[in-house]
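Data first, discussion second: the structure below is written as structure tokens.
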Amino acid sequence: MRKKNKRQVFENVEVIDAGAKGKSVAKAPDGRVVFLTNAIPGDIVDIQTTKKRKAYFEGTATNFHKLSDKRTEPQCQHFGVCGGCKWQHMGYEHQLYYKQKEVENNLKRIGGIALPEINPILGSQETYFYRNKMEFSFSDSRWLTFEELKSDTVFEDKNALGFHIPGMWDKILDIKKCHLQADPSNDIRLWVKTFAEENELSFFNPRKQEGLLRTLMIRTSSIGEIMIVIQFYEDDKIKRNLLLKNLEEKFPEITSLQYVINQKANDTIYDQEVVCFTGRDHIFEEMEGLQFKINAKSFYQTNSAQAYELYKITRDFANLTGEELVYDLYTGTGTIAQFVSKKAKKVIGIESVPEAIIDAKANAKHNNIDNIEFYVGDMKTVFDDKFIAANGTPDIIITDPPRDGMHKLVVEQLLKVAPKEIVYVSCNSATQARDLALLNEKYEVIKVQPVDMFPQTHHVENIVLLRKRV
């Protein structure tokens, strides 16, 4: 029989650090770590444990004896319920400190390799309204706040257009104002919700799998273009056209208005047909005169301004002279590849997603870049001896893998190919550190530059320059 998880209370505990996944860290009286979701370093709190593990506890701060001087007033009224911006209550300079610390700890403890002095993290000029893509969900059974549940009020309006409550797939928090994406994002979302309710357009019920309106995606670009993609569950042409035509009239600045009919169990649209209702089926982002076409399914860094900084650092680390053959692994839609192409002899981009490579080729053609070639396939099978023989031995390799890092076969091939330098861009310094330890056999770390792409969250990007040992 399973033992009951006995909850404990620890009193007057100081929160001492910020850990992975945005959680803060305290120490229990027995020395075990306690991970907290609602406190920041410097708070002195009482803790109610929620989980007990062999090496640590998870818990919640239930009473605050002293508030940290690192605290600041969250701007968003939904903070603490919505899981989107877990660090809004921490001053931005302190957010940067803990992001830098996380990168340093991961590279030292997991990597266990010799490191140069790590450059100070590059913060974002915009700490709110910086995202260029947001996805909101419709629901006919919105999340009721603690205050609403305590009241005796009977709530007739259960419709919501907003975000999933963390850990609850069927509950949506109705968002009044989101501080992540600039106007007209909030205006469009609020108008769509009001129009839908006034015209009795049904909101999706995920449990019953019924309802007209499912999701709303808003994408914007730094040159003022706007894409709207509405996902419908029911295929009702009259109601669909009613919403889309009125949305087009209300917001004539929309560049691309599209829709999807999705009757699957999940919201992903990557295997669905996207229909262009009006305007283009894409928007453009621009960077140093280069234009990048973004469609409904495209991946593009969600902070355009910081993406530019990230790419500039990547290019600077590569220190190209115009004579190099560059490989760009995990190239996505080829943004980095095109960004460095004018300073390289030739660039080879590899990506596993066929649609991304179609976009990459179209963007290169649009930008009149003729020294790039793109290939599609699983990195661990495509990036082999035969590929190198056909395309040439690279002088420099840029790699920007997903959160899981590089497959061990890719790392082995990097060691075999042994370019003079590798620029490793990562959104997860823990898996990056693991890969650096493997590459340490032939490479030394020359430069490290953390970059903050996501203010108010714990996420951090990191760029490392490796040079082959002599």
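Annotation: side chain to side chain contact (heavy atoms under 4.5 Å, CB included) contacts of T255 (sequence neighbours excluded): E225, R280, I283. Take S426 and apply the side chain to side chain contact (heavy atoms under 4.5 Å, CB included) test, not counting sequence neighbours, and it matches Y424, N428, Q432. Evaluation of the ring-ring contact (aromatic ring centres under 6.0 Å, His included) rule for H94 yields no partner, not counting sequence neighbours. Legend: residues meeting ring-ring contact (aromatic ring centres under 6.0 Å, His included) with H366, ordered by chain and number and at least two apart, are F284. Checked against ring-ring contact (aromatic ring centres under 6.0 Å, His included), F292 has no partners two or more places apart in sequence or in another chain. Evaluation of the side chain to side chain contact (heavy atoms under 4.5 Å, CB included) rule for E135 yields K133, M217 as partners, not counting sequence neighbours. Applying the side chain to side chain contact (heavy atoms under 4.5 Å, CB included) criterion to R315, with sequence neighbours excluded, gives E288, K312, F339, V340, K342, K343. Under the rule for a side-chain hydrogen bond (donor to acceptor under 3.5 Å, both in side chains), D316 has no partner lying at least two apart in sequence or in another chain. Applying the ring-ring contact (aromatic ring centres under 6.0 Å, His included) test to F317 and every residue at least two apart in sequence or in another chain returns nothing.
The number of heavy-atom neighbours closer than 6.0 Å to CZ of R469, taken from other residues, nucleotides and ligands shown, is above 12. Taking a 6.0 Å sphere around NZ of K171, one finds it holds more than 12 heavy atoms contributed by other residues, nucleotides or ligands.
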>> Between K420 and I396, is the side-chain contact (heavy atoms from CB on, under 4.5 Å) condition met? List the steps.
In response: CA-CA 6 Å; K420 64 180 181 182; I396 292 174; 4.2 Å; yes

>> salt bridge (charged side-chain N to carboxylate O under 4.0 Å, His left out) for D385 and K416? Distances and angles first, verdict last.
In response: CA-CA 9 Å; D385 293 347; K416 188 192 287 189; 3.2 Å; yes

>> Could you go through L325 and I348, starting from their C-alpha distance and side-chain angles, then the distance that decides it, and tell me whether this counts as side-chain contact (heavy atoms from CB on, under 4.5 Å)?
In response: CA-CA 8 Å; L325 172 60; I348 303 290; 4.0 Å; yes

>> Is there a side-chain contact (heavy atoms from CB on, under 4.5 Å) between T335 and Q301? Walk through the geometry before answering.
In response: CA-CA 9 Å; T335 316; Q301 288 281 5; over 6 Å; no

> Can you list the steps and then say if K101 with D17 is a salt bridge (charged side-chain N to carboxylate O under 4.0 Å, His left out)?
Replying inline: CA-CA 10 Å; K101 187 177 179 184; D17 204 351; 3.2 Å; yes

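Donor-acceptor pairing under 3.5 Å is recorded for the side chains of D359 and N295. Counted by atom type alone, E286 and S221 present zero donor-acceptor pairs between their side chains at under 3.5 Å. Side chains of N462 and S429: a donor-acceptor N/O pair is absent below 3.5 angstrom, by distance only. Side-chain contact of K264 with N266: a donor-acceptor pair under 3.5 Å is present, judged by distance alone. Side chain to side chain, D452 and S124 fail the donor-acceptor criterion of an N or O pair below 3.5 Å. Side-chain polar atoms of E285 and Q291 form no donor-acceptor pair below 3.5 angstrom.
For E421 (side chain) and K468 (main-chain N/O), no donor-acceptor pair under 3.5 Å exists by modelled atom type. Of the possible donor and acceptor atoms, one in the side chain of Q88 sits under 3.5 Å from a partner among the backbone N and O of Q75. A donor-acceptor contact shorter than 3.5 Å links the side chain of N363 to the backbone of K293. At least one donor-acceptor pair closer than 3.5 Å links the side chain of Q100 to the backbone N or O of I121. When atom types are taken as modelled, the side chain of D281 and the backbone of S256 share no donor-acceptor pair closer than 3.5 angstrom. The backbone N or O of I230 lies less than 3.5 Å from no partner atom in the side chain of Q258, so there is not a single donor-acceptor pair. In this structure, the side chain of K99 does not engage the main chain of V451 through any donor-acceptor pair within 3.5 Å. Proximity of a side-chain donor or acceptor of E351 to a complementary backbone N or O of G332 within less than 3.5 Å is detected. In terms of modelled atom types and a separation under 3.5 Å, the side chain of S185 and the main chain of A182 share no donor-acceptor contact. Proximity of a side-chain donor or acceptor of T268 to a complementary backbone N or O of Y270 within less than 3.5 Å is not detected.
The CG atom of L244 sits 9.5 Å away from atom OG1 of T278, with the distance rounded to the nearest 0.5 Å. Atom CD1 of residue I358 and atom OG1 of residue T333 lie 12.5 Å apart, to the nearest 0.5 angstrom. Put simply, CG on D370 and OG on S341 are 9.0 Å apart, with the number rounded to the nearest 0.5 Å. Annotation: the span from L436 atom CG to I113 atom CD1 amounts to 4.5 Å, rounded to 0.5 Å. In this structure, CZ on R403 lies 6.0 Å from NE2 on H459, to the nearest 0.5 angstrom.
Sorted by first and then second residue, the ring pair (Phe, Tyr, Trp, His ring centres under 6.0 Å) pairs involving residues 370-389 (not counting sequence neighbours) are Y327-F387, Y375-F387. Among pairs with a residue in residues 322-331, none fulfils salt bridge (charged side-chain N to carboxylate O under 4.0 Å, His left out), at least two apart in sequence or across chains.
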Under 3.5 Å, which donor-acceptor pairs link side chains of residues 78-87 to any protein atom two or more places apart or in another chain?
residue, atom, partner, partner atom, Å
H78, NE2, K176, N, 2.8
W87, NE1, G22, O, 3.2

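Within the 4.5 Å cutoff, the side chain of K245 has heavy atoms near those of the F277 side chain. Using a 4.5 Å cut-off on side-chain heavy atoms (C-beta onward), V33 and K27 make contact. Proximity of N186 to C178: side-chain heavy atoms (C-beta onward) are separated by under 4.5 Å at one or more points. Counting heavy atoms from C-beta on, the side chains of N303 and N132 never come closer than 4.5 Å. In this structure, Y233 and Q263 have side chains that are in contact, with non-hydrogen atoms separated by less than 4.5 Å. Side chains of V274 and Y259 form no contact here, defined as non-hydrogen atoms less than 4.5 Å apart.
Taking 4.0 Å as the cut-off between side-chain N and carboxylate O, D384 and K386 do not count as a salt-bridged pair. E373 and K346 are joined by a salt bridge, as a carboxylate oxygen and a charged side-chain nitrogen come within less than 4.0 angstrom of each other. The pair D235-R240 counts as a salt bridge, with a side-chain nitrogen and a carboxylate oxygen less than 4.0 angstrom apart.
The salt bridge (charged side-chain N to carboxylate O under 4.0 Å, His left out) test with E58 is passed by exactly one of K21, R53, K23: K23.
Cation-pi contact between R214 and F138: absent, since separation from the ring centre below 6.0 Å together with deviation from the ring axis within 45° is not met.
In this structure, F57 has its ring center no closer than 6.0 Å to that of F35.
In this structure, D174 and K193 approach most closely via the heavy-atom pair OD2-NZ, 3.1 Å.
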